[in-house]
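Only one structure is covered here, and it is reproduced in the block below.
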Number of protein chains: 2
Amino acid sequence: MSLAPTHISTIRELFFRYGLKSMTMDELARQLGCSKKTIYEHYSDKKVLVHAALGGFLNEHRGEMAALDQNSDNAIAKLIRMAAIGFQKMRNLTPTLLFDLQKSYPELWMELERYRKEEIVGIFKRLIERGQQEGLFRQEIDPSVVSIMHLQHTNLLLDPVVFSHLNHPIANIFHNIMEVFVGGITTPSGLEVWNTTKAQMNLHP
Amino acid sequence: MSLAPTHISTIRELFFRYGLKSMTMDELARQLGCSKKTIYEHYSDKKVLVHAALGGFLNEHRGEMAALDQNSDNAIAKLIRMAAIGFQKMRNLTPTLLFDLQKSYPELWMELERYRKEEIVGIFKRLIERGQQEGLFRQEIDPSVVSIMHLQHTNLLLDPVVFSHLNHPIANIFHNIMEVFVGGITTPSGLEVWNTTKAQMNLHP
DNA sequence: ATCTTGAAAACTTTTTTAGTTTCTAAAGTT
DNA sequence: AACTTTAGAAACTAAAAAAGTTTTCAAGAT
């Protein structure tokens, strides 16, 4: 039983870093300093292992999103935290990983897509509604439309081709997108809250 | 002859983006919109193709480095340009690519290592010597030592583990390393040139 | 009308990898 | 001290995948 459950996060990191194809079971065992046999005692096959590693990733994000509801004073503070978490998580989703996922683990790929299209969009929609109630986001905008726009923004960031010719740091692009987006949905008072909260939380780490 | 030589840069991009293992010959043909047959008419096997794609990368860098000698007013201007080019090139060297290279194309991996350890270090050493003649870098420092230090700095940036826990944008880390390094080797007048030249060339794109 | 070209796809061969088994050494147990 | 368990190392097998080849077919050129 030398493969403690904490090792699953190490495995996840290796998958994120090198992709699912390059990270073979032999290589994985070598990196973990254990034998393949030990891995197979905990996970019946590679598919199960990949699901465990990447499913945990989704669950973590789900948990962090749930925690935000309590901790956030207003919709804009929550938006900033959501964005920061989401951005950080997305940086792990390298082109290779997404490519391998789509090709070799389509059911997991579809689960990721579903998570983004349904759960994230849902969370975002409720966030917009809350912000409208708080007078921070304009009443005229439709939360359903805006939440789907947000999904498109994350798609932009995940696509390695779209902004690559600009050679900008991805963080810059992200901040630009956020500025335009927030400017587009906030009321004047909401925009003020955005600017002050942003400064307090130093979004640029 | 539908596989124009310009396509080799597209192939290179695909290798960079997805690694050498995930990018199979079938997938490559699909992405290029041609048949495997056509690829094999130009490149006898995958190894040759990988060498062509990645060897071109080195040659380009070699060319850019050579061009710098003419274009740069002083050693510090050249250093800034060198660093910018090197940093941009290095961003393409993803963990997956380096991993696949090391595992499946060891002779090419060694060529890359040699290029860094010999050619880059040599270029750097001559740059330091020039800077000393221009009174920008301190006489006491040994160009041979400093150039090897610089190699270690690039190693730091290529290793995905070292700074990952900081969650800083890689560009920030790079600028920090540069600041410390330059501060360590410049004379007072050199430091002035560094600060003014840096501002003129806007290193932060 | 004939020839060439290259994509599409079927096909073969080779390599790689997943998954299993065997062996051995070390640690703990009785 | 003999015995049992545990896990790594490594050899092994079976299956999958990828490299590389060949055939077919359609479109454009001669």
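A note on names: the letters A, B, ... follow the listed sequences, proteins ahead of strands, and every chain is numbered from 1.
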Whole-Å distance separating the NZ atom of A:Lys47 from the C1' atom of C:dG19: 16 Å
Atom pair distance, as rounded to whole Å: CD in B:Glu41 and C1' in C:dA7: 11 Å
Taking atom P of D:dG8 as reference, at what distance in whole Å does atom CG of A:Leu32 sit? 10 Å
Report yes if some heavy atom in the side chain of B:Ile76 is under 4.5 Å from a heavy atom in the side chain of B:Glu134; otherwise report no. no
Parallel, tilted or perpendicular: which fits the ring planes of B:Phe16 and B:Phe57, with parallel below 30° and perpendicular above 60°? perpendicular
Taking only the side-chain heavy atoms of A:Lys36 (C-beta and beyond), determine which of D:dA19, D:dG8, C:dG19 contains the nearest atom. C:dG19
Whole-Å gap separating P (C:dA18) and CE (A:Met23): 11 Å
Between A:Ser44 and A:Ser22, the residue closer to the 5' end of DNA chain C by nearest nucleotide is A:Ser22
Quick one: sort the B:Tyr18 and A:Phe99 rings into parallel, tilted or perpendicular, breaks at 30° and 60°. tilted
Assess, by modelled atom type and distance only, whether the side chains of B:Glu27 and B:Gln31 contain a donor and an acceptor separated by less than 3.5 Å. yes
Quick one, give me the B/S/- string for nucleotides 23-29 of chain D, reading 5' to 3', where B means a protein heavy atom under 4.0 Å from the base and S means that only happens at the primed atoms, P, OP1 or OP2. B------
What ring-ring contact (aromatic ring centres under 6.0 Å, His included) pairs are there with at least one residue in residues 58-91 of chain B, not counting sequence neighbours? B:His61-B:Tyr115, B:Phe87-B:Phe174
Expressed in angstrom and rounded to an integer, what is the separation of A:Tyr40 atom OH from D:dC12 atom C1'? 14 Å
Decide, yes or no, whether a salt bridge links B:Lys89 with B:Glu60 under the criterion of side-chain N to carboxylate O below 4.0 Å. yes
So, using salt bridge (Lys or Arg N to Asp or Glu O under 4.0 Å) as the criterion, who are the partners of A:Glu119 when residues are at least two apart? A:Arg62, A:Arg114
A:Asp26 CG to C:dT20 P, straight-line distance once rounded to whole Å: 13 Å
Hey, does the side chain of B:Thr38 come within less than 4.0 Å of C:dA7's phosphate (OP1/OP2), counting only N and O? yes
Using whole Å, what does the distance between atom C1' of nucleotide D:dT21 and atom CD1 of B:Ile39 come to? 14 Å
Can you measure A:Asp45 atom CG to D:dA16 atom C1' for me and round it to whole angstrom units? 14 Å
When you match A:Ser35 and A:Lys103 each to their closest nucleotide on DNA chain D, which lands nearer the 5' end? A:Ser35
